[in-house]
Structures are given as C-alpha cells and as structure tokens.
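Numbering starts at 1 and runs along the sequence shown. Whatever order the structure lists ligands and atoms in, that order sets their numbers, starting from 1.
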Amino acid sequence: MTIVLRPGTAADATACGTICYEAFKAVCTAHNFPPDFPSPEVASGLLSKLLSHPRFYSVVAEADGRIVGSNFLDERSCIAGLGPITVDPTAQNRGVGARLMQDAMDRSAQRQAAGVRLLQSGFHNRSLCLYTKLGFRTREPVSILQGKPLGLKFPGHEVRSATAADVTACNRICHYVHGFDRRAELRDAIDQKTASVVEHLGRITGYTTGIAFFAHSVAETNQGLMALIGASPEFGGPGFLLPTRNHEVFTWCLEAGLKLVFQMTLMTTGLYSEPNGAYLPSVLY
Ligand SMILES: CC(C)(COP(=O)(O)OP(=O)(O)OC[C@H]1O[C@@H](n2cnc3c(N)ncnc32)[C@H](O)[C@@H]1OP(=O)(O)O)[C@@H](O)C(=O)NCCC(=O)NCCS
C-alpha cells in the first residue's frame, strides 16, 4: 500500500468523518464499549469544524487516491493537542497511523511547540503501543464520566457564565495549575457561550470551557472544580474527563450517581509538569 499524505481541506469532512466514526465504532464495539461518536454525521460535523479552524493543523492519508485516514493538531496553545487520529478499519495495522502520527509530530517540532499531548482509549492496545514507540509517555489515568446533570451548588462557590472580562483572571488560574495558559481555547468557548467561572470570596478561583469531552477545566481547589461540575446543565459528548487519581472528586462523582464510561490515558511528549491544583483535561489534553 503506497501512502501519500497531504493537508486536509474542508471538502474532506464527510470522507474523514465517516472513517472516524467507523474506526471508533469498530474498536469500541470489539471491547463492548459505546463508540466515541453516535453517527458518521456527528463525526463529520466535528471534523468539518476542525478542518476550517485556522489554528488546527490537519493531515489526510490517501492510498491509491482513496482517503484512508486523518489526524489533527490543536495549535491554539504552546502545547499542541493531538487527535482525533483515525484510520479506515480495512487499512489498519499497516503503518498508516504511524505515518499520520509522525507527520503531526514533525509539524509540532517545526513550530517549536513545547510539547504534544493526547488522550488514548485505555482498552486500545494498538494505540498505546504506537504512541509509546513514538515517544509519548503515560502520565495519568483518566475516567470518562457521564450521567444526569447534578444540579448541586456549593455555598461560597458561585458559578456563572464567563465573559471576555474574565480572561485574564482565568489565564492566571490555568498558569497556576498547568504552568501555561490556554487563552485561545477559553476565548473560543466564551464566543460559543459554553465557558463558566467559579468565584470564591469575590475572586475567580476556577473556570471551565464546558464540562464536556472536548473542553477543559482548571480550579485552585477540588471544591471549585466540584462547583463547576455540579452546576453544569449537561456533560457534552461521551462524558467529561476526570483524572482518576483525584480520589476526592472521583468518589464524589460516583456517590452523586455518575457512571464510568471507560478509562483513557493522558500521554505527553516534551515539557510536562505535574498539575498544581484541580483540573479536567479535554480529549486532546
Ligand atoms: C490507533 C490507529 C490510529 C493506529 O493506526 P494503524 O494504522 O492501525 O497503526 P500502525 O499500523 O501505524 O501502528 C500500529 C503499531 O502498534 C503495534 N502494535 C499493535 N498492537 C500491539 C500490541 N498488542 N503490542 C505491541 N505492539 C502493538 C504494531 O506492531 C505497530 O507498530 P510497528 O509499526 O512498529 O510494528 C488506528 O488503529 C485506529 O484508527 N483505531 C481506531 C480509532 C482510535 O482508537 N484512534 C486513536 C484514539 S486514541
């Protein structure tokens, strides 16, 4: 199979989205887990947004003129977020994924990104081994949680919608927790009206771009994080991602009735420091 890589274009959304849906459906069904995307249309809709976003890099793999896979890199911050990477189930395990991964890693090296991060499905041996061979280190087990909105409030931890005026304070929290900020992601979420902040004693102590699969959150304390989760009207996509080692919040979620969907693994290359506070990664990191 001769593989040719090229940049993705808006016209690739349907073909790449169908492969994305089929690839996740095949591996998830084989392990008795629900697929990441409910339909080819939902997967194509997401990839269509990524293909037209000026700060997402995309690469498409073709074999004999037919699209067989794609990969994406979120370049909105100094750390790049990789994914979704998917290969047509009929073309898997023949090196296409490795080519798509190497291309994205070369791109982030060219742009001198401080690192690349991704979330890997914990049950998928092939992706874990592929990423490890390419230099990604396992950092954190992460649980996808889903269920009915909790409708819980914490006195003294007020949650409200985020506005553009909150960005500086939110960036400070993210910097405190992760060592860098994610201002472009936050601005996108404020524009899309999905971002919220939590205030304690008149000060912003945490924010979320949405309690959802494709969104991240940071807070100075677990109380702040639980207030953000408790106030969320829904958990978008397959669920939100909680570092499993955060025992206090994991136990609280389970006692509140949320269900574990499956485990993922946070993997990183380049700069990484242990987060200093409470956080929820997005499915990109
Ligand atoms: C994950 C995915 C993108 C990988 O693409 P692929 O084309 O199948 O993978 P490749 O053939 O390039 O590489 C697989 C590597 O894993 C290795 N591997 C697979 N299973 C392994 C195992 N159980 N133990 C050790 N190594 C293993 C293979 O030997 C190969 O490495 P090699 O090239 O050095 O021999 C593809 O399988 C896919 O689309 N899966 C479904 C969707 C998905 O899970 N996406 C990733 C989300 S995190």
> For atom 2 (C) of ligand 1, which protein heavy atom lies nearest, and how many Å away is it?
Replying inline: V87 CG2, 4.6 Å
>> Any side-chain to backbone donor/acceptor pair from S77 onto I79? Under 3.5 Å, distance only.
In response: no
> Which atoms of ligand 1 sit under 4.0 Å from any heavy atom of L119?
Replying inline: 48 (S)
>> Tell me whether D191 at atom CG has more than 12 heavy atoms from other residues, nucleotides or ligands lying less than 6.0 Å away.
In response: yes
>> Checking the N or O distance criterion of under 3.5 Å, is ligand 1 in contact with I85?
In response: yes
> Is there at least one pair of N or O atoms, one from N93 and one from ligand 1, spaced under 3.5 Å apart?
Replying inline: yes
> With a 4.0 Å cut-off, would you call E185 and R55 a salt bridge?
Replying inline: no
>> Looking only at distances, can you tell me whether any N or O atom of V27, backbone or side chain, sits closer than 3.5 Å to an N or O atom of ligand 1?
In response: no
> Any luck finding a side-chain donor-acceptor pair between D103 and Y57 under 3.5 Å?
Replying inline: yes
> Are any non-hydrogen protein atoms located under 4.0 Å from atom 33 (O) of ligand 1?
Replying inline: no
>> Within the 4.5 Å heavy-atom criterion, are V59 and R6 side-chain neighbours or not?
In response: no
> What's the shortest distance from atom 11 (O) of ligand 1 to any protein heavy atom, and which residue and atom give it?
Replying inline: G95 N, 2.9 Å
>> Using a 3.5 Å cut-off on N or O atoms only, is R94 in polar contact with ligand 1?
In response: yes
> Using 30° and 60° as the class limits, which term best fits the ring planes of F123 and F262: parallel, tilted or perpendicular?
Replying inline: perpendicular
>> Need the ligand 1 atom indices (1-based, order shown) with element for anything under 4.0 Å from a heavy-atom of Y131.
In response: 46 (C), 47 (C), 48 (S)
> Judged by atom type as modelled, is there a donor-acceptor pair below 3.5 Å linking the side chain of S232 to the main-chain atoms of E234?
Replying inline: yes
> Can you tell me which residue and heavy atom of the protein come closest to atom 27 (C) of ligand 1, and the distance to 0.1 Å?
Replying inline: C129 CB, 3.7 Å
>> Pairing donors with acceptors under 3.5 angstrom, does anything connect the side chains of H216 and Y207?
In response: yes
> Protein heavy atom under 4.0 angstrom of atom 38 (C) of ligand 1, is there one?
Replying inline: yes
> Under 3.5 Å between some N or O of ligand 1 and some N or O of A23?
Replying inline: no
>> Is there a polar contact, in the sense of an N or O pair closer than 3.5 Å, between R126 and ligand 1?
In response: yes
>> Angle between ring planes, H157 versus H200, binned at 30° and 60°: parallel, tilted or perpendicular?
In response: parallel
> Which protein heavy atom lies closest to atom 31 (O) of ligand 1, and at what distance to 0.1 Å?
Replying inline: K133 NZ, 3.0 Å
> Does CZ belonging to R187 count more than 12 external heavy atoms closer than 6.0 Å?
Replying inline: no
> Do F56 and F72 make the cut of ring centroids closer than 6.0 angstrom?
Replying inline: no
> To the nearest 0.1 Å, how far is atom 4 (C) of ligand 1 from its closest protein heavy atom, and which atom is that?
Replying inline: L130 CD2, 3.8 Å
> What residue and atom, counting heavy atoms only, is the protein's closest point to atom 7 (O) of ligand 1, and at what distance?
Replying inline: G97 N, 2.8 Å
>> Quick check on contacts: which atoms of ligand 1 are under 4.0 angstrom from a heavy atom of A98?
In response: 12 (O)
